[in-house]
Engineer: 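Sharing a structure with you now.
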Amino acid sequence: MNRALIVIDVQESFRARAEEWAEVDNPKIAEPVNRLVRLARAQGDTVVWVLHAEPGTDTVFDPVLGHVRLMEELDQPLPGEITVQKTSHNAFTTTNLQQQLTERGVTELVLCGIRTEQCVETTTRVGSDLGYRCTFVTDATTTNAIGTLSAAAIIERTEAVLRDRFADIVTVGELEAVASGDAAAAAAE
């Protein structure tokens with residue numbers, strides 16, 4: 001296939017900040033992400049695992065502290081799947097991700113992960129600018145409230161600014177229905 005699932009920052013670093021993690025809107029983010037991973041693998045899509053690192057910062061994103069690793073309950077990478085470690089908000093700027101996708105003939109991206117409006121949205125925008133057809137799977141993302149904006153408001157805003165400009169907005173269930181050939185169920189969801 002020419003499609004890749006990009007799993008962004010679904011890592012223990014976020015849970016290491018217990019107070020913030022307690023406020024996240026979707027603490028069971030691994031469940032919808034695992035559904036997407038299984039779907040991508042079943043369809044023969046490329047699966048990409050992205051981890052955010054801030055070396056030398058002595059924060060939860062400093063790799064030497066041990067939190068820059070995928071959440072334990074995630075289906076772990078299989079041999080041949082891409083894993084990159086980024087130091088910017090998007091998965092392209094500080095990695096060789098674009099090169100690896102190009103080598104595999106990928107033209108479409110399905111994106112999910114942690115911080116709906118930050119790293120997932122930013123990667124979606126950059127991916128779109130690079131010419132990829134992007135699909136943003138909102139219910140396989142999570143975030144926190146920021147200031148007076150609730151997590152729900154942030155997610156609604158992210159969907160609004162991405163829709164029809166940078167990405168198609170879908171749910172995991174819609175992708176599963178399309179994959180199973182049940183377009184009526186996808187339209188109803």
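Since we're looking at a predicted model, the values are computed, not measured.
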Engineer: To the nearest 0.5 Å, what is the distance between CD (Glu156) and OG1 (Thr116)?
Structural biologist: 13.0 Å
Engineer: Using a 3.5 Å distance criterion without hydrogens, assess whether the side chain of Asp62 forms a donor-acceptor pair with backbone atoms of Leu65.
Structural biologist: no
Engineer: Consider side-chain hydrogen bond (donor to acceptor under 3.5 Å, both in side chains). Of Asn144, Thr142, Thr122, Thr141, which one does Arg115 pass it with?
Structural biologist: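 Of Asn144, Thr142, Thr122, Thr141, side-chain hydrogen bond (donor to acceptor under 3.5 Å, both in side chains) with Arg115 is met by Asn144 alone.
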Engineer: The criterion is salt bridge (Lys or Arg N to Asp or Glu O under 4.0 Å); which residues satisfy it with Glu54, sequence neighbours excluded?
Structural biologist: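 With neighbours one apart ignored, the set is empty.
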Engineer: Hey, could you give me the OG1/CD distance between Thr124 and Glu117, rounded to the nearest 0.5 Å?
Structural biologist: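 These two atoms lie 12.0 Å from each other.
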Engineer: OG1 of Thr107 to CG of Leu130: how many Å apart, nearest 0.5 Å?
Structural biologist: 13.0 Å
Engineer: Hey, mind stepping through Val120 and Cys112 against side-chain contact (heavy atoms from CB on, under 4.5 Å) and telling me if it holds?
Structural biologist: CA-CA 6 Å; Val120 187; Cys112 65; 5.7 Å; no
Engineer: With rounding to the nearest 0.5 angstrom, report the CD1 to CG distance, Ile6 to Leu36.
Structural biologist: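 Reported value, rounded in 0.5 Å steps: 12.0 Å.
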Engineer: Which atom names give the shortest non-hydrogen contact between Gln11 and Met71, and what distance separates them?
Structural biologist: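 In this case the closest contact between Gln11 and Met71 is O-CE, 3.6 Å.
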Engineer: In the single-linkage hydrophobic clustering (I, L, V, M, F, W, Y; side-chain heavy atoms under 4.5 Å), do Ile82 and Tyr132 co-cluster?
Structural biologist: yes
Engineer: Which value, rounded to the nearest 0.5 Å, describes the distance between Glu108 atom CD and Cys134 atom SG?
Structural biologist: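 Answer for the CD-SG pair, Glu108 versus Cys134, is 9.5 Å.
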Engineer: Find out if a path of hydrophobic residues (ILVMFWY) with successive side-chain heavy-atom gaps under 4.5 Å connects Phe166 to Val106.
Structural biologist: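 Same cluster.
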Engineer: Please test Asp9 against Lys86 for side-chain contact (heavy atoms from CB on, under 4.5 Å), starting from the C-alpha separation and ending with a verdict.
Structural biologist: CA-CA 9 Å; Asp9 301 347; Lys86 66 181 180 62; 3.0 Å; yes
Engineer: Measuring only between side-chain heavy atoms, which start at C-beta, is Ile114 closer than 4.5 Å to His52?
Structural biologist: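 Not in contact.
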Engineer: Going by side-chain heavy atoms closer than 4.5 Å, which hydrophobic residues are tied to Ile154, directly or by a chain of links?
Structural biologist: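 When side chains under 4.5 Å apart are linked, the cluster holding Ile154 also contains Ile146, Leu149.
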Engineer: Excluding sequence neighbours, so at least two apart, what forms side chain to side chain donor-acceptor pair (under 3.5 Å) with His67?
Structural biologist: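 So His67 forms no side chain to side chain donor-acceptor pair (under 3.5 Å) with any residue.
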Engineer: Minimum heavy-atom separation for Val60 to Val68, with atom names?
Structural biologist: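 Looks like O-CG2, 4.0 Å.
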Engineer: Between Leu162 and Val137, is there a shared hydrophobic cluster once you connect ILVMFWY residues whose side-chain heavy atoms come closer than 4.5 Å?
Structural biologist: no
Engineer: Could you give the distance from CG (Leu109) to CZ (Phe92), rounded to the nearest 0.5 Å?
Structural biologist: 5.0 Å
Engineer: With hydrophobic residues grouped by side-chain heavy-atom distances under 4.5 Å, do Val33 and Phe136 end up in a single group?
Structural biologist: no
Engineer: Under a 4.5 Å side-chain heavy-atom rule over Ile, Leu, Val, Met, Phe, Trp and Tyr, are Leu51 and Val37 clustered together?
Structural biologist: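 Cluster IDs for Leu51 and Val37 match.
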Engineer: Using a cut-off of 6.0 Å, state whether more than 12 heavy atoms not belonging to Glu20 lie near its atom CD.
Structural biologist: yes
Engineer: Specify the closest pair of heavy atoms between Arg125 and Val161, including all atoms of both residues, with the distance to one decimal.
Structural biologist: NH2-CG2, 3.4 Å
Engineer: Would you confirm whether Gln98, through its side chain, and Asn96, through its main-chain N or O, come within 3.5 Å as a donor-acceptor pair?
Structural biologist: no
Engineer: Going by the rule side chain to side chain contact (heavy atoms under 4.5 Å, CB included), which residues pair with Gln43 if we only count those two or more places apart in sequence or in a different chain?
Structural biologist: Arg3, Leu39, Asp45, Ala179
Engineer: Sorted by first residue and then second, give each ring-ring contact (aromatic ring centres under 6.0 Å, His included) pair with at least one member in residues 13-49; sequence neighbours left out.
Structural biologist: Phe14-Phe61
Engineer: Whether the side chain of Asp139 engages the backbone of Val172 through a donor-acceptor N/O pair (distance < 3.5 Å, no angle test) should be reported.
Structural biologist: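 Such a contact is found between Asp139 side chain and Val172 backbone.
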Engineer: Could you list all the side chain to side chain donor-acceptor pair (under 3.5 Å) pairs where at least one residue sits in residues 28-39, not counting sequence neighbours?
Structural biologist: Arg35-Glu176, Arg38-Asp75
Engineer: Between Pro32 and Asn26, is any pair of side-chain heavy atoms under 4.5 Å apart?
Structural biologist: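 With C-beta onward as the side chain, the pair touches.
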Engineer: Closest approach of Glu72 and Glu12, non-hydrogen atoms and distance?
Structural biologist: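 That would be N-OE2, 3.0 Å.
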Engineer: How far apart are the closest heavy atoms of Val10 and Gly113, and which atoms are they?
Structural biologist: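 Minimum heavy-atom contact is CG2-CA, 3.7 Å.
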Engineer: Could you tell me which non-hydrogen atom of Glu73 sits nearest to which non-hydrogen atom of Ala30, and how far apart they are?
Structural biologist: CG-CB, 3.3 Å
